[in-house]
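Throughout, protein chains are lettered first and strands after them, A, B, ... in sequence-line order, and every chain is numbered starting at 1.
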Protein chains: 2
Amino acid sequence: MSNQDIQLTVDAVVFGYESVPRISVLLIKRKYEPFKDSWAIPGGFVLNEESLEDAVYRELKEETGVEIGYLEQLYTFGKPGRDPRQRIVSVAYFGLVRPDTYKISAATDAQEVQWFDIHDLPELAFDHAEILETAIKRLRAKITYEPIGFELLEERFLFSDLENLYKTLLGREIDRRNFRKKIMSLGMLNELDEKVSKGAGRPANLFQFDKKRYFQLKEEGIVFEI
Amino acid sequence: MSNQDIQLTVDAVVFGYESVPRISVLLIKRKYEPFKDSWAIPGGFVLNEESLEDAVYRELKEETGVEIGYLEQLYTFGKPGRDPRQRIVSVAYFGLVRPDTYKISAATDAQEVQWFDIHDLPELAFDHAEILETAIKRLRAKITYEPIGFELLEERFLFSDLENLYKTLLGREIDRRNFRKKIMSLGMLNELDEKVSKGAGRPANLFQFDKKRYFQLKEEGIVFEI
DNA sequence: GACATATTGCGTACAAATTACGCAATTTTA
DNA sequence: TAAAATTGCGTAATTTGTACGCAATATGTC
């Protein structure tokens with residue numbers, strides 16, 4: 001097939017979390033046609049000699065300045081006509097950043113890059129609304145069977161933060177005490193000695209996800225599940 | 001990126017099931033370099049104006065004569081160097097066929113196309129071993145939370161067939177009686193009036209997966225899970 | 001400073017789901 | 001005709017999930 005004329009791009013749906021609480025996604029305003037001045041998921045063409053993941057990291061750095069802590073391939077979108085000008089197939093990824101990175105990147109270039117609440121999104125270029133929807137569904141599903149929620153929190157976090165993250169993402173109430181029991185029973189969290197007091201109420205303990213222990217347990221067939 | 005020089009292909013890992021029991025995968029012997037005479041997953045270049053799915057259906061028909069009953073995107077493999085000659089990014093799919101289709105295609109062209117037990121595979125071209133492994137993992141995981149196992153059985157099947165399919169795929173013993181209770185409690189199977197007697201033992205009832213009912217239940221938030 | 005309010009951490013009773021296994025019914029095979 | 005194989009249904013024990021109660025410990029208010 002020497003006359004194949006298909007361009008390959010990557011796009012990255014990057015999620016962040018604030019303890020407001022809200023889940024947000026990183027979007028850029030397009031500088032060029034097509035869809036000039038529309039909001040879009042960051043991404044771009046894959047270079048001839050770089051891997052798909054490298055393309056994602058590079059584009060994210062170039063376009064948004066963000067460095068992500070977690071990245072996985074989401075889905076490949078290739079329907080003819082998804083770009084009005086040429087045949088473009090895009091390998092979409094989804095990534096997660098911690099609040100600290102989040103803040104930095106939010107300040108970088110307010111004109112072109114911006115975090116949006118996933119429940120209050122602008123109109124998006126191309127089929128990016130579909131890509132984003134796919135990503136949200138995946139994130140929502142995945143936090144129930146993979147410990148990726150921790151990638152959205154600080155290294156050391158409060159149980160109430162974790163709980164709010166799950167409540168917000170799953171969109172339903174969770175019994176605080178049962179949730180805690182369930183998570184703790186997995187044996188993947190370390191309770192730190194440090195206590196934090198914010199606002200009224202008894203000070204809360206800090207926790208940390210034990211990635212090493214998680215992989216040990218995974219080896220033994222014990223999986224994360226909520 | 002006007003000088004991008006990346007070719008796009010699709011590959012399809014097609015699974016079948018025989019009540020031996022064994023899970024098998026459809027492979028072809030390559031006619032051309034690179035990897036001439038090696039076994040490989042069927043696939044090929046995407047045409048400029050066809051969708052990725054259409055490319056899969058077309059290539060499968062051209063190369064194997066198989067028509068699949070279920071298809072889903074698996075993963076996109078794009079590491080530079082996975083094809084020794086040029087940069088090729090491949091969108092891999094996995095598909096399932098029923099035993100009837102299975103038999104037909106096996107007869108089509110015994111020289112070039114062949115079913116292999118997934119536990120007794122030949123050496124594969126390119127990174128196809130990795131693709132196949134990814135597909136097997138996905139299939140194994142997915143039969144526990146999506147009703148795709150039925151796509152590997154006849155429309156009307158015996159409970160023991162379903163049970164053996166799960167035992168074979170999951171690679172562990174399953175209590176026959178509890179398995180049956182669990183599946184039946186989902187309310188997605190219709191018990192037919194017809195009985196079948198094969199070999200010794202009490203004749204068994206035929207069952208049928210009720211896809212319409214499944215989607216109804218899914219709407220109501222009741223999901224398939226085993 | 002005392003008291004109301006908020007949040008955390010732990011525990012307990014009850015319901016639901018899972019697991020282990022017994023056994024009769026009905027067929028083929030010896 | 002008896003033995004062996006397979007199916008279909010049931011029941012008890014165990015594990016897991018759910019709904020709460022309540023003391024401990026901070027902040028906010030008067």
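Between the side chains of B/Tyr57 and B/Glu67, no donor N or O sits under 3.5 Å from an acceptor N or O.
Contact check on A/Lys182 versus A/Glu225 returns no salt bridge, with no Lys/Arg side-chain nitrogen under 4.0 Å from an Asp/Glu carboxylate oxygen.
With D/dT25, C/dT26, D/dC22 as the choices, the nucleotide that has an atom nearest any side-chain atom of A/Arg202 turns out to be D/dT25. Among the nucleotides D/dT27, C/dA20, C/dT28, the one closest to any side-chain atom of B/Ser197 is C/dT28. Distance from the side chain of B/Lys181 is smallest to D/dG10 among C/dG9, D/dA26, D/dG10. Among C/dA6, C/dT27, D/dG8, the nucleotide with an atom closest to any side-chain atom of B/Arg176 is D/dG8.
Whole-Å rounding puts the B/Ile183 CD1 to D/dC9 C1' distance at 17 Å. Between the C1' atom of C/dT18 and the CD1 atom of B/Ile174 lies a distance of 14 Å, rounded to the nearest Å. C/dT8 atom P lies 13 Å from atom CD of A/Glu191, rounded to whole Å. The CG atom of B/Asn205 sits 12 Å away from the P atom of C/dT27 (whole-angstrom rounding). Atoms CZ (A/Phe159) and P (C/dT8) sit 11 Å apart, rounded to a whole Å. Across the protein-nucleic acid pair, A/Glu194 atom CD and C/dT8 atom C1' stand 17 Å apart, rounded to whole Å. Atom CE of B/Met184 is separated from atom P of C/dA17 by 17 Å (rounded to the nearest Å). Rounded to an integer number of Å, the gap from A/Leu186 CG to D/dT16 C1' is 13 Å.
The shortest distance between the side-chain N/O atoms of B/Ser160 and the OP1/OP2 oxygens of D/dT7 is below 4.0 Å. OP1 or OP2 of C/dT18 lies within a sub-4.0 Å distance of a side-chain N or O belonging to B/Lys182. When the side-chain nitrogen and oxygen atoms of A/Arg180 are compared with OP1 and OP2 of C/dC10, one or more of them lie within a distance under 4.0 Å.
Both A/Asp175 and B/Lys198 lie close to DNA chain D; mapped to their nearest nucleotides by heavy-atom distance, the more 5′-ward contact belongs to B/Lys198. For the pair B/Glu225 and B/Arg177, nearest-nucleotide mapping onto DNA chain C gives the more 5' position to B/Glu225.
Between A/Phe150 and A/Phe157, a ring centre-to-centre spacing shorter than 6.0 Å is recorded. Between A/Phe224 and A/Tyr214, the distance from one ring center to the other does not fall under 6.0 angstrom.
By the 30° and 60° cut-offs, the orientation of the rings of B/Trp39 relative to B/Phe116 is perpendicular.
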